[in-house]
Engineer: 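One structure coming up, written as structure tokens, with questions to follow.
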Amino acid sequence: MGMGGVIRDWTGRWRGGFSRGASTGDALRAELLALEDGLSLCWASGFRKVSCECDCLEAVSLFQARSTERDHLHNHYDVIRRIQCMLAWDWVVYISHIPRDINSVAHTLANWGVRNTSSIVFWRSPPDFILLQLGRDSVS
């Protein structure tokens with residue numbers, strides 16, 4: 001499975017992108033791990049007000065206002081708990097759902113991660129293979 005995401009500033013300008021792969025897991029785990037990676041990179045980069053957009057409604061709903069008393073029963077509790085701890089840090093994070101068709105940059109980076117499972121890769125500037133999707137997402 002592959003994970004990927006893009007970090008942009010408030011004007012939509014590229015601030016970084018990331019990809020990684022893993023040999024086991026399901027689609028929800030991939031979305032949660034991508035969320036965790038993205039939040040970690042935002043924190044490390046000094047961003048303290050973050051709007052996180054995700055096209056997986058199931059992942060987004062895990063962090064909306066709801067009861068968490070049964071989270072320990074979830075298959076992906078380990079990642080959910082790590083993200084919940086991150087959200088409690090001294091910053092403001094909004095997690096919202098967006099349509100998949102305006103999230104093609106993240107999906108292209110995730111697809112790259114499927115083939116490169118060794119470790120997380122961070123791009124300070126957009127790699128050539130996502131330039132088309134970057135233009136498409138910015139006008140959506």
Side-chain angles (χ1 to χ4, degrees):
M1 67 181 182
M3 289 74 70
V6 61
I7 300 168
R8 302 177 198 228
D9 65 16
W10 65 276
T11 66
R13 194 171 63 207
W14 177 279
R15 290 297 183 197
F18 64 92
S19 293
R20 79 172 167 117
S23 57
T24 61
D26 58 23
L28 179 58
R29 187 166 191 85
E31 294 287 349
L32 292 170
L33 290 170
L35 177 60
E36 180 183 25
D37 288 343
L39 290 173
S40 293
L41 290 169
C42 285
W43 180 266
S45 299
F47 295 106
R48 296 300 180 259
K49 187 171 184 181
V50 176
S51 176
C52 180
E53 299 174 332
C54 177
D55 63 25
C56 177
L57 187 56
E58 187 175 1
V60 171
S61 67
L62 289 169
F63 304 102
Q64 302 297 327
R66 62 178 190 78
S67 172
T68 59
E69 66 186 35
R70 297 178 51 87
D71 280 354
H72 67 282
L73 300 174
H74 198 286
N75 287 344
H76 304 303
Y77 177 69
D78 58 328
V79 185
I80 294 167
R81 183 70 186 132
R82 289 194 306 264
I83 294 170
Q84 287 171 334
C85 289
M86 294 171 79
L87 295 174
W89 295 347
D90 189 21
W91 62 341
V92 176
V93 178
Y94 302 100
I95 300 175
S96 59
H97 180 254
I98 61 169
R100 182 179 177 136
D101 61 340
I102 63 170
N103 204 20
S104 61
V105 172
H107 283 277
T108 302
L109 292 171
N111 287 335
W112 188 90
V114 169
R115 296 181 302 279
N116 300 281
T117 60
S118 57
S119 63
I120 190 166
V121 175
F122 182 77
W123 285 283
R124 295 204 181 280
S125 58
D128 290 342
F129 66 87
I130 64 158
L131 295 179
L132 176 64
Q133 291 83 3
L134 195 61
R136 187 181 311 134
D137 281 2
S138 69
V139 297
S140 298

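What you are looking at is a predicted structure, and each value in this text was computed from that prediction instead of being measured. Values below: every heavy atom of this structure, side chains too, minus hydrogens, waters and symmetry copies. In what follows, residues are counted from 1 in the order of the sequence shown.
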Engineer: Kindly write out the residues that satisfy side chain to side chain donor-acceptor pair (under 3.5 Å) with Arg13, not counting sequence neighbours, or none if the list is empty.
Structural biologist: Asp9
Engineer: Under 4.5 Å between side-chain heavy atoms, hopping through other hydrophobics if needed: is there a path connecting Val121 to Val114?
Structural biologist: no
Engineer: Within a strict 4.5 Å, meaning less than it, do heavy atoms of the Arg82 and Leu39 side chains meet?
Structural biologist: no
Engineer: Of all heavy-atom pairs between Val50 and Trp91, which one has the smallest distance, and what is that distance?
Structural biologist: CG2-CZ3, 3.8 Å
Engineer: If you compare all heavy atoms of Lys49 against all heavy atoms of Tyr94, which two are closest, and at what distance to 0.1 Å?
Structural biologist: CE-CE1, 4.1 Å
Engineer: Quick one: does any side-chain atom of Trp123 pair with a main-chain N or O of Ser19 as donor and acceptor, under 3.5 Å?
Structural biologist: no
Engineer: Is it true that atom CG of Asp78 has more than 12 heavy atoms of other residues, nucleotides or ligands lying nearer than 6.0 Å?
Structural biologist: yes
Engineer: Are Tyr77 and Leu28 linked, directly or through other ILVMFWY residues, by side chains that come within less than 4.5 angstrom of each other?
Structural biologist: no
Engineer: Roughly how far apart are Glu58 CD and Leu32 CG, rounded to 0.5 Å?
Structural biologist: 8.0 Å
Engineer: Could you check whether any side-chain heavy atom of Arg29 comes within less than 4.5 Å of a side-chain heavy atom of Val79, counting everything from C-beta outward?
Structural biologist: yes
Engineer: So, do Trp14 and Ile130 sit near enough that their side-chain heavy atoms are less than 4.5 Å apart?
Structural biologist: yes
Engineer: State, to 0.1 Å, how close Gly17 and Leu109 come at their nearest heavy-atom pair, and which atoms those are.
Structural biologist: CA-CD1, 4.3 Å
Engineer: In Å, rounded to the nearest 0.5 Å, how long is the span from CD1 of Ile98 to SG of Cys56?
Structural biologist: 11.5 Å
Engineer: Closest heavy-atom contact between Phe122 and Arg124?
Structural biologist: CE2-NH1, 3.7 Å
Engineer: Hey, could you give me the CG/CE distance between Leu33 and Met1, rounded to the nearest 0.5 Å?
Structural biologist: 5.0 Å
Engineer: How long is the span from the NE2 atom in His107 to the CE atom in Met3, to the nearest 0.5 Å?
Structural biologist: 13.5 Å
Engineer: Are the side chains of Arg8 and Val105 in touch, meaning some heavy atoms are under 4.5 Å apart?
Structural biologist: yes
Engineer: Run the numbers on Val60 and Glu31 for side chain to side chain contact (heavy atoms under 4.5 Å, CB included), then give the verdict.
Structural biologist: CA-CA 9 Å; Val60 171; Glu31 294 287 349; over 6 Å; no
Engineer: Does any non-hydrogen side-chain atom of Leu131 lie less than 4.5 Å from one of Asp128?
Structural biologist: yes
Engineer: For Phe18, is there any backbone N or O sitting under 3.5 Å from a side-chain donor or acceptor partner on Trp112?
Structural biologist: no
Engineer: Judged by atom type as modelled, is there a donor-acceptor pair below 3.5 Å linking the side chain of Arg15 to the main-chain atoms of Val6?
Structural biologist: no
Engineer: Any idea which heavy atoms bring Phe63 and Ile95 closest together, and the distance?
Structural biologist: CB-CD1, 3.8 Å
Engineer: Could you tell me which non-hydrogen atom of Arg20 sits nearest to which non-hydrogen atom of Asp37, and how far apart they are?
Structural biologist: NE-OD2, 2.6 Å
Engineer: Hey, could you give me the CG/OG distance between Leu35 and Ser40, rounded to the nearest 0.5 Å?
Structural biologist: 9.5 Å
Engineer: Nearest 0.5 Å please: distance from the CG atom of Leu87 over to the CD atom of Gln84.
Structural biologist: 7.5 Å
Engineer: Are Leu57 and Leu62 linked, directly or through intermediate hydrophobic residues, by side-chain heavy-atom contacts shorter than 4.5 Å (ILVMFWY only)?
Structural biologist: no
